[in-house]
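Here's the structure we're looking at; comments come further down.
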2 protein chains.
Amino acid sequence: MASRAKATILDIAREAGVSKSTVSLVLQGSGLIRPETALKVRKAIEDVGYVYNRSAANLRKAHSNVIGMVINDLTNPFFAEMAVGMERVFQSAGIVPFIANTAENPVRQEEVLKSLMEQGVAGLIVSPARGTTPGAFRRIETAGLPIVFTMRRLPESRIPVIAPDNHRGAKLATAHLIGKGHRRLAFFGGSSDLVVYHERLGGFREACEALGIASRDTLVVEGETSRRGGIACLETALAMAEPPTAALCFNDAVAFGVMLALRKRGLEPGADFAVVGFDDVVEAQHYMPALTSVAVDSAGLGERAAHVMLKMIQSRTTRAEDHIGAVNLVVRDSCGPDRRAGMGDAA
Amino acid sequence: MASRAKATILDIAREAGVSKSTVSLVLQGSGLIRPETALKVRKAIEDVGYVYNRSAANLRKAHSNVIGMVINDLTNPFFAEMAVGMERVFQSAGIVPFIANTAENPVRQEEVLKSLMEQGVAGLIVSPARGTTPGAFRRIETAGLPIVFTMRRLPESRIPVIAPDNHRGAKLATAHLIGKGHRRLAFFGGSSDLVVYHERLGGFREACEALGIASRDTLVVEGETSRRGGIACLETALAMAEPPTAALCFNDAVAFGVMLALRKRGLEPGADFAVVGFDDVVEAQHYMPALTSVAVDSAGLGERAAHVMLKMIQSRTTRAEDHIGAVNLVVRDSCGPDRRAGMGDAA
DNA sequence: TTGATTTATTGGAACGTTCCATTTATAGGC
DNA sequence: GCCTATAAATGGAACGTTCCAATAAATCAA
């Protein structure tokens with residue numbers, strides 16, 4: 001055990017009675033080597049317990065076969081689903097994605113990006129942490145390293161983005177709520193330092209306006225994008241003089257929180273208060289009641305991001321088109337009609 | 001932009017008018033350098049847009065500051081929670097963990113491990129994929145690379161394991177069920193190629209035996225460790241002549257599936273059929289009804305695994321003690337008394 | 001046979017760091 | 001002023017690959 005000084009290609013060469021260059025060629029699967037020689041070498045590789053040293057190789061070769069995937073919140077199942085989509089396409093391209101979590105912390109993100117770059121990754125797929133400064137990716141851009149954003153974009157950045165059509169999704173969901181008869185609507189969760197927030201809120205507002213809901217009848221409550229945030233939003237909203245009867249939530253986690261808080265107050269989500277989520281994570285359909293949500297096809301976005309990255313690497317460019325993924329509203333059981341319309345409120 | 005030929009410490013040296021050795025020293029934060037010189041160098045580093053090349057450094061230095069974390073199912077929130085725990089301790093040690101997903105695929109696992117090793121990681125924390133062959137980690141062991149398993153162990157391996165006390169957890173949960181008056185019990189989900197499965201099932205059996213449940217009154221249904229698996233298990237069980245009235249599930253995902261399937265049949269989880277989960281993921285407390293589950297402290301296990309790894313790296317050993325984490329049963333609302341047994345207890 | 005071609009193999013010079021052994025500059029003691 | 005001790009900076013040899021240019025061996029055309 002504690003095997004002394006790890007084996008190098010020179011050890012293999014000695015063992016197999018060939019030159020180091022031959023070994024190198026075999027390792028790269030070159031067709032130039034006579035099959036019997038290759039076999040001999042491969043045997044020697046086994047015998048000495050050799051581990052390829054990519055650091056050494058990277059010193060000469062331009063780039064590695066690893067790409068970094070930087071995610072802002074690993075505990076959000078949404079990102080796990082996206083990661084799985086990416087992995088599917090990278091795997092078939094012989095690329096190994098390494099995932100790193102920033103936990104929404106820009107400082108941590110800085111460290112992670114630095115580490116990934118030092119490691120010599122071939123490209124970066126990033127879902128930026130909240131509060132990322134515009135200059136945070138300058139380094140990477142000047143290094144000419146391919147990078148694509150997923151889900152979130154930065155205010156004024158030329159980096160390509162793969163994201164769902166947030167604006168349309170929010171419009172769809174809001175129209176659904178209004179169609180159910182709701183007249184006092186809320187938008188729950190998220191915060192204005194996120195571009196996505198503005199997109200979704202924009203869709204919400206546009207639908208309200210188009211369908212004749214006065215802006216004084218809309219309520220916007222910022223908050224954490226988590227269950228806890230949802231709970232807080234609902235509390236705030238119900239404390240108002242004329243509380244809303246329905247809410248579009250920034251994402252499913254917030255929606256789950258809202259439903260939880262409703263239950264705690266003895267209100268039935270869906271019947272007493274309508275709620276729509278965003279993202280349509282797998283749990284959405286298993287909740288009680290099942291959550292109506294805007295499906296964004298997370299795995300599909302992941303695949304798309306991976307494809308774009310692959311293309312950028314191959315064509316050694318750092319430019320690419322944005323990609324706005326289609327969305328659709330999945331109607332389940334969390335939005336009944338407005339009950340109070342007509343008869344004051346019961347709560 | 002597109003700055004060709006990336007800058008090296010030689011470029012910095014030229015820019016700052018010092019030698020490459022000096023630059024290297026500054027990079028490592030050596031106290032040997034005069035502060036003004038260091039400042040000058042640091043400025044030059046900024047100016048040329050330098051990116052540290054860890055590959056080159058690794059060629060001389062023994063090991064890097066990255067450790068690999070290989071996970072068998074990223075979409076299981078349990079692992080995300082564990083990952084977060086690990087990250088907490090690694091971060092403060094200046095180590096960046098790279099996460100890779102194997103999706104329960106031993107072949108993929110092989111690739112991932114290879115890639116991580118080539119990358120020159122300082123250590124590996126692995127939750128092995130189902131169906132991993134005993135020899136899969138031979139390579140890593142002979143290379144003298146520190147490795148620890150989490151959650152799962154391999155049949156006959158000397159690699160240290162960080163895992164919860166599965167046996168005790170299952171016993172606790174089963175005793176709880178029996179205490180509620182249930183006499184026909186099931187164990188749902190998991191499969192016998194997992195050591196964990198035998199541990200949990202063993203605890204279940206031991207409790208049954210100790211508390212006077214005949215083994216013909218117990219039912220064991222293997223199945224996927226997912227919601228889907230849970231649904232299937234329940235269907236199978238209810239199709240029996242004398243179906244069980246309560247089940248211990250292999251993990252929370254299975255339990256969620258069971259509850260879902262119960263609802264679909266018009267049965268109320270908790271009242272009509274008792275179910276207890278394993279792992280106590282965050283969703284457990286938010287479910288309807290809230291799920292009684294064996295809490296294993298996932299984040300704590302992650303932290304512990306990280307600490308063990310850190311110690312192994314520092315003491316450059318490849319040995320470490322196993323660590324069996326404490327468990328406790330969190331009683332919520334998913335297990336009522338057995339209704340069919342006359343009247344059982346009043347709780 | 002001889003030279004030309006093709007097929008296999010090989011030595012050596014990079015790649016960008018680290019680190020040891022030196023050198024050079026600075027300060028102190030007398 | 002000289003010698004010594006300390007502080008600061010430096011050159012050069014690794015580290016384990018890749019890749020080019022060169023060589024050696026085998027094949028072929030004449």
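Labels below follow one simple rule: chain letters A, B, ... track the order of the sequence lines, proteins then strands, and each chain is numbered from 1. Because the structure is predicted, anything quoted here is derived from the model rather than measured.
Classification of B:E110 and B:K114 as a salt-bridged pair fails, no side-chain N sitting under 4.0 Å from a carboxylate O. The pair A:E104-A:R152 meets the salt-bridge criterion, with a side-chain N (NZ, NE, NH1 or NH2) lying under 4.0 Å from an Asp/Glu carboxylate O.
Rounded to an integer number of Å, the gap from B:K40 NZ to D:dA8 P is 14 Å. When the C1' atom of D:dA8 is taken as reference, atom CG of B:L39 falls 16 Å away, rounded to whole Å. Between B:E36 atom CD and C:dT26 atom P there is a gap of 11 Å when expressed in whole angstrom units.
Considering only heavy atoms from C-beta on, B:V196 stays 4.5 Å or farther from B:M151 through its side chain.
A 6.0 Å sphere centred on CD of A:E36 holds more than 12 heavy atoms belonging to other residues, nucleotides or ligands. Atom CZ of B:R304 has 12 or fewer heavy atoms from other residues, nucleotides or ligands within 6.0 Å.
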**OP:** Quick one, give me the B/S/- string for nucleotides 13-22 of chain D, reading 5' to 3', where B means a protein heavy atom under 4.0 Å from the base and S means that only happens at the primed atoms, P, OP1 or OP2.
**Re:** BBBBBBB---
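By the 30° and 60° cut-offs, the orientation of the rings of B:F98 relative to A:F98 is parallel.
The only member of B:T102, B:N72, B:N101, B:T132 that meets side chain to side chain donor-acceptor pair (under 3.5 Å) when paired with B:Q109 is B:T132.
Using a 4.0 Å cut-off, no side-chain N or O of B:S19 falls inside it from OP1 or OP2 of D:dA9.
Summary for the helix from C:dT1-D:dA30 to C:dC30-D:dG1: the axes at its two ends, each from 5 pairs, differ by 50° when rounded to the nearest 10 degrees.
Of the possible donor and acceptor atoms, one in the side chain of A:D11 sits under 3.5 Å from a partner among the backbone N and O of A:T8.
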